[in-house]
Participant: 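Supplied in structure tokens, the structure appears directly below.
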Amino acid sequence: MTTTPADAVASPTPALDDLPLIISVDDHVLEPRDLWQKELPAELRERGPRVVREKVKLAFSGGNYGFERGAEDGQWCDVWVYEDLAFPTGRLHAPAGFPEDEVRNVPAIYEDFRPGVYDQAARLADMDVNHVQAAVNFPNTFPRFCGQGFAERQDKDLAYLSLRIYNDWMIDEWSAGAGRGRLIPLTLVPLWDPRLAAEEVRRCAAKGSYAIAFSENPYRLGFASMHSGEWDVLWEACQETGTAVTMHIGSSSHMPSTSPDAPLAVSMALSSQNAQGSLMDWIFSGTLQRFPTLTIAYAESQVGWMPYLLERADLVWRDGVGGVDLPNPPSSYVDGRVYGCVFDDQHGLLSRDSVGLESILFETDYPHSDGTWPNSRAVAHRLCSAAGMNADEVYAMLRGNAIRAFGLERFGIAK
């Protein structure tokens with residue numbers, strides 16, 4: 001039986017100050033501006049990723065972001081340039097700490113942001129303020145959520161070298177030293193070559209990274225679909241190394257909408273639809289059945305949609321009209337293996353018995369505009385109290401499930 005708001009009056013939810021430290025499974029980091037200029041061979045630096053500072057104007061029209069470079073009436077902007085790519089840094093990349101009325105789509109340079117956006121020591125301090133013990137960090141600018149910025153370039157040798165430089169920085173610098181066990185490494189794979197991606201998974205696992213960012217729909221990026229079987233070599237490597245696969249909304253480079261002239265609000269309200277389609281691909285392609293210990297997570301997906309979708313999938317499977325041959329109902333592949341990530345989904349928590357509490361993770365989304373820093377503990381307490389969650393349930397959502405999903409015992413994180 002699900003808990004109603006009325007039941008929550010007598011909730012056994014722990015007091016605010018008694019909540020456990022949070023493990024956030026979806027935060028973001030701005031890559032060092034000079035990373036590739038330092039690490040690439042000299043002869044490749046002009047074609048590799050680099051930052052130029054110029055005046056830029058940003059806009060949003062027809063459901064898409066746009067920008068004008070070299071605009072005399074623009075604002076100073078750190079623009080990433082890489083082969084044919086020009087990618088402006090905007091305030092919306094990292095507005096944590098800005099007053100609400102200043103969270104706007106305007107150009108930015110790194111110095112406009114909180115140091116915690118790109119500096120390890122400052123990030124750890126911001127995590128302490130927010131009662132966060134550990135966090136998984138996705139890319140934030142031109143690499144994009146699953147490395148599309150590398151996959152879209154023509155010179156794949158340069159792209160692979162640049163991607164490896166990113167992964168080495170993530171493991172050996174950002175997540176090392178004082179960040180060990182607190183900044184959980186999340187590495188990228190070369191999406192254009194599943195076998196090369198499998199090699200990178202094994203290389204990074206040997207260096208201490210056990211999670212990769214993948215696309216919610218690789219077909220949308222111009223690569224093989226989940227139904228092709230071509231990704232199995234990658235999933236074999238992930239299963240062999242105990243590497244979790246996590247997918248951020250927007251990691252297919254497409255957001256759901258209804259028409260070209262629909263405002264951004266439509267896409268934002270429909271954001272979980274991509275995760276829904278992705279989960280059906282993972283199940284009905286037989287991938288979760290073929291790789292029985294593989295775990296996947298959907299960052300920023302919320303969870304309230306899961307019960308109906310799995311109910312519907314089971315009905316389709318039972319009626320045998322879908323053209324698939326799974327030995328067990330679709331919902332049977334989810335428990336303890338598929339995770340949704342909550343930052344403000346009251347309905348999902350009220351429906352946790354149907355969702356499956358063991359499938360719910362928590363995120364702070366630092367430093368994005370949807371993020372709850374520095375009030376994530378208060379937000380978590382509000383959500384848990386309204387759902388009447390007891391201490392064990394609160395612990396599972398805020399950290400216990402994340403430890404299991406990402407194998408965080410390997411980083412010395414105790415349950």
Side-chain angles (χ1 to χ4, degrees), residues 26 28-31 49 58-67 79-90 92-94 105 137-156 158-160 162-163 166 186-194 196-197 200 212-228 230-231 234 245-282 285 296-301 341 365 368-370:
D26 175 24
H28 298 265
V29 58
L30 278 180
E31 307 75 22
L58 301 185
F60 184 83
S61 178
N64 296 293
Y65 289 101
F67 63 98
V79 180
W80 282 97
V81 179
Y82 173 19
E83 285 194 341
D84 60 332
L85 173 73
F87 189 94
T89 303
L92 291 182
H93 280 118
N105 182 34
N137 281 240
F138 283 85
N140 205 29
T141 52
F142 90 88
R144 309 217 298 284
F145 294 145
C146 67
Q148 302 103 301
F150 299 113
E152 293 166 350
R153 307 283 72 78
Q154 290 298 311
D155 186 338
K156 291 300 190 286
L158 175 59
Y160 185 43
S162 298
L163 180 146
Y166 175 89
L186 177 67
T187 46
L188 305 176
V189 296
L191 296 166
W192 59 91
D193 186 333
L196 199 61
E200 187 65 5
I212 62 166
F214 190 68
S215 174
E216 61 204 354
N217 187 349
Y219 177 78
R220 281 287 214 166
L221 301 179
F223 304 119
S225 79
M226 288 294 298
H227 303 274
S228 69
E230 291 187 26
W231 296 104
L234 174 58
V245 181
T246 184
M247 295 159 282
H248 199 285
I249 61 166
S251 56
S252 61
S253 295
H254 291 78
M255 289 296 289
S257 190
T258 56
S259 63
D261 57 347
L264 177 61
V266 173
S267 286
M268 294 181 69
L270 297 174
S271 61
S272 67
Q273 285 190 348
N274 283 358
Q276 295 177 47
S278 178
L279 179 55
M280 292 300 93
D281 277 347
W282 276 84
S285 67
I296 65 174
Y298 289 103
E300 214 166 309
S301 67
C341 307
D365 201 22
H368 285 176
S369 55
D370 270 338

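Remember, it's a predicted structure, so these values are computed and weren't measured experimentally.
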Participant: Cut-off 3.5 Å, side chains only: do R144 and S253 have a donor facing an acceptor?
Facilitator: yes

Participant: Between M247 and I296, is there a side-chain heavy-atom distance shorter than 4.5 Å?
Facilitator: yes

Participant: Would you say the side-chain atoms of W231 pair up with the backbone N or O of P194, donor to acceptor, closer than 3.5 Å?
Facilitator: no

Participant: Got a donor-acceptor contact below 3.5 angstrom from the H254 side chain to the S252 backbone?
Facilitator: yes

Participant: Please tell me if the side chains of F87 and V79 come closer than 4.5 Å, counting only heavy atoms from C-beta onward.
Facilitator: no

Participant: State, to 0.1 Å, how close L188 and P143 come at their nearest heavy-atom pair, and which atoms those are.
Facilitator: CD1-CB, 4.3 Å

Participant: Is there side-chain contact between D84 and Q154, with at least one heavy-atom pair below 4.5 Å?
Facilitator: no

Participant: Centres of the F150 and F142 rings: under 6.0 Å?
Facilitator: yes

Participant: Are I249 and S271 side-chain neighbours, meaning at least one heavy-atom pair lies under 4.5 Å?
Facilitator: yes

Participant: Between E216 and N274, is there a donor-acceptor pair closer than 3.5 Å when you use the side chain of the first and the backbone of the second?
Facilitator: no

Participant: Could you check if a side-chain atom of S257 sits within less than 4.5 angstrom of a side-chain atom of L270, using non-hydrogen atoms only?
Facilitator: no

Participant: Answer whether the closest heavy-atom distance between the side chains of F145 and S215 falls below 4.5 Å.
Facilitator: no

Participant: Roughly how far apart are S162 OG and K156 NZ, rounded to 0.5 Å?
Facilitator: 12.0 Å

Participant: Taking the side chain as everything from C-beta on, heavy atoms only, tell me whether V29 gets closer than 4.5 Å to N140.
Facilitator: no

Participant: With the side chain counted from C-beta on, respond yes when D365 and H28 share a heavy-atom pair under 4.5 Å apart, and no when they do not.
Facilitator: yes

